[in-house]
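Numbered from 1 within each chain, the chains take letters A, B, ... in sequence-line order. Remember, it's a predicted structure, so these values are computed and weren't measured experimentally.
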There are 2 protein chains.
Amino acid sequence: MSLREKKKIETKNKIFEVSGRLFKEKGFENTTIDEITKEAEIGKGTFFNYFPTKEALLLYFVEQKDELTYSLIEIETARSIPTKDKIKNLLVFLAESYETDKELTKLLIFEYIKYIRSTGLKSGEDQSRHHRLSKILHDFLEDGVKKGEVKGGIDVKIAAETLTAVYFHSVMVWLWSENDYSISEDISGMIDLVFEGIGS
Amino acid sequence: MSLREKKKIETKNKIFEVSGRLFKEKGFENTTIDEITKEAEIGKGTFFNYFPTKEALLLYFVEQKDELTYSLIEIETARSIPTKDKIKNLLVFLAESYETDKELTKLLIFEYIKYIRSTGLKSGEDQSRHHRLSKILHDFLEDGVKKGEVKGGIDVKIAAETLTAVYFHSVMVWLWSENDYSISEDISGMIDLVFEGIGS
DNA sequence: AATCCTACATGACCACAGTCATATTTAAAT
DNA sequence: ATTTAAATATGACTGTGGTCATGTAGGATT
């Protein structure tokens, strides 16, 4: 590895380290680029050589967290249990992983939307939460059909989307609710309902 | 009405008029407060006497559009048709009302989230899209139960939330998709699924 | 009609994200 | 070694949203 590459990595790490600390200390909005660059002992312009915007930095944290979460999930859900339980476990686990820090999650979702708004989810490049989750659910459901636990006649794709919808909606409502209720029950109830159907 | 009140209304209208025109001409982001105030022939500070932020202005447009839409809906859905169709009509109608201007809708949703993020949907004051839609669906479903078109055993509240979830999710996915497919079919398919259930 | 009070108007000013021309450091070429 | 080229660093500068102390005009009080 050349000297240049070493320095680059070093600088990027320094920015992470410092900004991570500052964000925790005083929040994202109250931390300025000037502060970060001063603490990291680099010029202001240098920051923008590594991250195009302040938000891009935040986004990196999101990606890292997601990476970890999804890898955990894939292990966890490999167990062979009833399809419905598997789906419940998955969605509840995901939801609970946000439960630790409501404010941060709000911020991240917000920045995420801001991001996809400006970039427009270019050409499948971004396998975003949505597609990823949807795909996993899709697999679960197909498996469920094979095992006879899910109706054979349904469109698995639409079913996966519906469950994804239920999940995201629950998280959103929970995030912006004042009182701290358990999101798990909510999701669980909706999944039951989707399995049973509401038509008579 | 005093002269003061008249001037106030006049100024507010002027800001609307001018900003509406400029937003259409060059987009929200590319329109500066300086431009708006110059065109409206007011001081820059004056703008902030009427709207706390630039986004607040945008939000007003949202509210006005919503007001119109919901009043139309309440008339439209009074007709006595099968519950499922009623729900389909409602959600498809709502979704299609966004279909005319994808970019603007994105912007509005984004600003809306930004707004509720900062204010936190204080104390029921904001009867937001979500609660409003959820309530209408709730009524529809209860009516459906009475008419025997919806299962009696289910929790109507959860069912309403599930349908709301399906709706919002469809709109979101549609908004940020590249290709222009029909959102109506999507929603329609999901509603069918929720009525039938996916469990075997 | 003179005085006072209050609501509103105003633009100089500030904070901060992001840019860019220039400088510096590293690597390659000779 | 020297020169050349390319990558990276830098901070003065800019654009813009938002603030605030001060000014001004409408309306009440005498």
Colleague: Would you write out the dot-bracket form of DNA chain C, 5' to 3', with Watson-Crick and G-U pairs under 3.5 Å, [ ] for crossing pairs, | for pairs to other strands and . for unpaired bases?
Modeller: |||..|||||||||||||||||||||||||
Colleague: Relative to each other, are the rings of F16(A) and Y60(A) parallel, tilted or perpendicular (30° and 60° limits)?
Modeller: tilted
Colleague: Counting only heavy atoms not in K65(A), do more than 12 sit closer than 6.0 Å to its NZ atom?
Modeller: yes
Colleague: Answer yes if the side chains of T32(B) and E35(B) hold a donor-acceptor pair under 3.5 Å, and no otherwise.
Modeller: yes
Colleague: Going 5' to 3' along DNA chain D, which are the first and last nucleotides with any atom under 4.0 Å from a heavy atom of chain B?
Modeller: dT16(D) to dG27(D)
Colleague: How about NZ on K157(B), more than 12 heavy atoms from neighbouring residues, nucleotides or ligands closer than 6.0 Å, or not?
Modeller: no
Colleague: If you measure from the Lys or Arg side-chain nitrogens to the Asp or Glu carboxylate oxygens, is any gap between E39(A) and K14(A) under 4.0 Å?
Modeller: no
Colleague: Do the charged groups of E41(B) and K38(B) touch, with an N to O distance under 4.0 Å?
Modeller: no
Colleague: So does K135(B) pair up with D139(B), basic N to acidic O under 4.0 Å?
Modeller: yes
Colleague: Decide whether S188(A) and K88(A) meet the rule of one side-chain donor and one side-chain acceptor closer than 3.5 Å.
Modeller: yes
Colleague: Would the number of heavy atoms belonging to other residues, nucleotides or ligands and lying under 6.0 Å from CD of E185(A) be above 12?
Modeller: no
Colleague: Treat primed atoms plus P, OP1 and OP2 as sugar-phosphate and everything else as base, then score nucleotides 6-19 of chain C 5' to 3': B for base contact with protein heavy atoms under 4.0 Å, S for sugar-phosphate contact only, - for none.
Modeller: BBSBBB----SBBB
